[in-house]
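Structure record follows, encoded as structure tokens.
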Amino acid sequence: MKKYTLLIIVLFYGGFLALGQNSKILSSVKNVETKVDSVLALMTLEEKVGQLVQYNGSWDLTGPASELDNKQKEDNIKKGLVGSMLNVLSVRATKEAQKLLMENSRMKIPMMFGYDVIHGYKTIFPVPLGETASWDLEAMENSARIAAIESVANGINWTFSPMIDISRDARWGRIMEGSGEDPYLTSMVAIAKVKGYQGNDLSGDLTIAATAKHFAGYGMAEAGRDYNTVNLGENELHNTVLPPFKAAADAGAATFMNSFNEIDGIPSTGNKNLQRDILKGVWNWDGFVVSDWGSIPEMINHGFAKDKKQAAEIAIKAGSDMDMEGGAYESSLLELVLEGSVDEKLIDDAVKRVLRVKFKLGLFDDPYKYSNPEIAANISYEDHKKAARDIARKSIVLLKNENNLLPLKPGVKSIGVIGPLANDKDSPIGNWRAQGEANSAVSVLEGIKTAVGRDVKVNYALGTTLGIGERSFLMPLEINTTDRSGYKEALEMAKKSELIIMVLGEDAFQSGEGRSQSKIGLAGLQQELLEEIHKVNKNIVLVLINGRPLELSWSSENIPTIVEAWQLGSESGNAIADVLFGKYNPSGKLPVSFPRTVGQEPLYYNQKNTGRPSSDLHVTYSHYTDVKKDALFPFGFGLSYTQFEYGEIDLSSPEMNADGNIEVSIPVTNTGKVIGKEVVQLYLRDMIASRTRPVKELKGFQLLDLKPGESRIVKFVIEEKMLQFYTINKIWESEAGEFEVFVGGNSRDVKSAAFNLIKNKA
Ligand code: BGC
């Protein structure tokens, strides 16, 4: 305490001129909180408000720009009235912006530079939904680490990732950006990503601050329409939507971003219960919350605030700490405090949170730490590409492989590669591509040609175009092509080829923000082309490149082999070729249910039993009259070139005490002919509870490599914590009673057993 008081006095008398001169004293103090308090004590109210302002550096605009022109922005940076900027790219640009502030402002508090580094910076990894299909947490941590290194090399010290919104609706364009429908899997990915970006210590040289977004409920938009209303009850909010955010907070995510949507009539940006009570209160998280782009003034459109000033008041009171390009804090916070509508203590709390992250990043020690050109010089993009190929092939999901058409046999003489995405070098890069260059992916055609060498004849035909227009982040292709001029060539080639690889799916920008669709079939003429080719050659391997689950009912009935290859990033074509030719035995499993028809959406495996369940999928009024109610390809599903057989579950005991555990053992055998990797999944069901519980919930998984004929006993340990949920008492606790345990290679085909949780009555 003595040290703390002394530091304040020292900094105060020296600080009116420049914090910079005092940076040595600050550096010598180890305790971040002492430093934060010392700096705060020197700041004027105007400077404090400045820390809560974020400007766009006019690169990728994802919303309306603020009213300020560049000159006004520059002046405010010089005065030190800006806490951070987004979309300022390159070490040169961030250095210049930082210099403006450091050389002109009184307090010299460095800015943070944020950017949407969602699945890689320059080396592009699979879109997050695809990457999650690998279930390989180590590989996902690694891709985040590489993204962090490339970001640092380009002046960025803060990514607006991971996006951990649970989404159950394939119509929602941003489903590609998250980890799918399951809270447990998404939580595990959240932890891996935070670790990958931030390392063990945020002050490391190659680490950046992560952002858990969008807090909260954004993925549950009604009818899958982006930005739409969310109706989310307490049970779903706590048991489904919040767990990944809790995991990210516990993993030390430096920042959170709130969301555009409302929940039950309250826009998340103005939601005190979410931000102040839960995140900063119950979870005791000490980072800062940045608004989503303009989400503070958007509360006016929501009909929740009458003007920017009121929006600012609501947002700061609710716990939104920084205003992303909304201009509301900048224009109104000072006045709100001076007139007594907002307590300065709230501003102080927000500023302390921002300063804390800046100290942890090491910006006070060296404001130009992230503007160091030497880092770029030491990057091995070749190594990053190898990692991109590794995770890309692990992300591929084999959905169907009738007659073992795959892997392609060495004897194959001629392959016809057909489809608008077959030689497309851009779509695999996907949306939210940061600085991934347009047309920079290895196409499927290129990957195949490299893999086969000269012995196999590879023919290519476009068949049809995906759509018309220029591709861009702001304007996706218009996918209403009627151009059948390529059919003839494709059909003739199909007739002559031994085997067809058809590459269909989605344009790069067909999924992503603001890209919701009411239809999720193969867009344009792709379905028609597929059916035409099928008439002349049935030996078809359908390779899908897409960011969302597609409607594949016709293909699943008629096409012998289907490979879900997502938008796999820079090394897409090579990774796909690795799988097609058996260099990699596919091991991916779906992180999201694929519906039979779009009318089933939202669709998810962890649904409730309802009062009228039925084990018969064809009849009874609890189903649709025109389609089965379950998924075409369920959550957790994915085939291999080998087969895995599951024995029976053995429980170490039929009963478990709250302080004990139960060991679940199950033999898994590779009964096929090649080495393979299986994702063994553990699910639980709480049979009777104070709130109805889902029919199955993923609670664990293990990746298992097995040689042909090899058998292993897989073990999971069930502890009381895994049985907890947010109960009717509004706390996380377990309830005594019967639980079912399921283990299997997907959420549908499982072995089961049961046990009882015994709890002593208080
Ligand atoms: C998106 C955020 C993104 C931000 C900045 C918004 O439109 O919802 O996810 O981080 O823009 O680009």
Side-chain angles (χ1 to χ4, degrees), residues 53-66 83-89 112-121 127-129 144 147 151 156-167 172-179 190 193 197 208-221 224-228 230 244-245 248 253-262 267-269 287-299 301-302 320-328 430-436 472-476 509 511-516 547:
V53 170
Q54 182 179 68
Y55 281 164
N56 177 50
S58 71
W59 187 263
D60 290 341
L61 251 61
T62 47
S66 79
S84 73
M85 294 186 79
L86 78 156
N87 299 331
V88 180
L89 305 172
M112 286 169 67
F113 294 98
Y115 190 42
D116 289 287
V117 183
I118 307 296
H119 52 117
Y121 185 91
V127 292
L129 186 65
S151 300
I156 301 300
N157 51 33
W158 180 19
T159 175
F160 304 130
S161 166
M163 195 278 241
I164 49 177
D165 297 314
I166 297 299
S167 176
W172 191 49
R174 295 193 86 167
I175 196 169
M176 53 77 65
E177 211 183 318
S179 289
K193 288 288 168 192
Y197 291 131
I208 58 178
T211 308
K213 74 184 188 187
H214 305 82
F215 196 62
Y218 184 40
M220 307 295 255
R225 184 159 57 76
D226 211 0
Y227 317 124
N228 203 10
V230 171
F245 288 100
T255 74
F256 267 48
M257 185 185 291
N258 59 31
S259 57
F260 289 129
N261 59 285
E262 67 158 68
S268 293
T269 310
F288 73 86
V289 179
V290 63
S291 79
D292 202 346
W293 184 296
S295 69
I296 296 175
E298 279 182 21
M299 286 196 285
N301 285 342
H302 274 287
S320 294
D321 299 309
M322 189 180 274
D323 178 358
M324 180 189 283
E325 190 67 10
N431 206 334
W432 288 115
R433 53 177 63 186
Q435 290 302 293
S472 84
F473 178 71
L474 292 177
M475 197 45 80
F509 297 102
S511 53
E513 186 174 352
R515 302 292 143 81
S516 294

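First listed ligand is number 1; within each ligand, the first listed atom is number 1. Position 1 is the first residue of the sequence, and the numbers go up from there.
For a threshold of 3.5 Å applied to N or O pairs, the pair formed by W293 and ligand 1 contains no separation below that value.
Close approach of ligand 1 to F160 (heavy-atom distance below 4.0 Å) involves ligand atoms 10 (O). Atom numbering of ligand 1 starts at 1 in the shown order; those under 4.0 Å from a heavy atom of H214 are 2 (C), 8 (O), 9 (O). For ligand 1, the atoms sitting less than 4.0 Å from at least one non-hydrogen atom of K213 are 2 (C), 3 (C), 9 (O), 10 (O), numbered in the order shown with element in parentheses. Ligand 1 places these atoms under 4.0 Å from at least one heavy atom of M257: 2 (C), 10 (O). Below 4.0 Å from some heavy atom of F260 lie the following atoms of ligand 1, by number and element: 6 (C), 7 (O), 8 (O).
The side-chain heavy atoms of H214 and D292, taken from C-beta on, include a pair separated by under 4.5 Å.
The shell of residues lying under 4.0 angstrom from ligand 1, judged by heavy atoms, includes R174.
Neither the backbone nor the side chain of T211 has a heavy atom within less than 4.0 Å of ligand 1. The proximity of E513 to ligand 1, defined as any non-hydrogen pair under 4.0 Å, is limited to the side chain.
Ring-centre distance between Y218 and W172: below the 6.0 Å cut-off. The aromatic ring centres of W293 and Y227 sit 6.0 Å or more apart.
Here the side chain of S291 pairs a donor or acceptor atom with the backbone of M324 at under 3.5 angstrom.
One finds no salt bridge joining E177 and R515 here, because no Lys/Arg side-chain nitrogen approaches an Asp/Glu carboxylate oxygen to under 4.0 Å. A salt bridge does not link R433 with D116: none of the charged nitrogens is closer than 4.0 Å to a carboxylate oxygen.
Interatomic distance, L129 CG to S179 OG, rounded to the nearest 0.5 Å: 7.5 Å.
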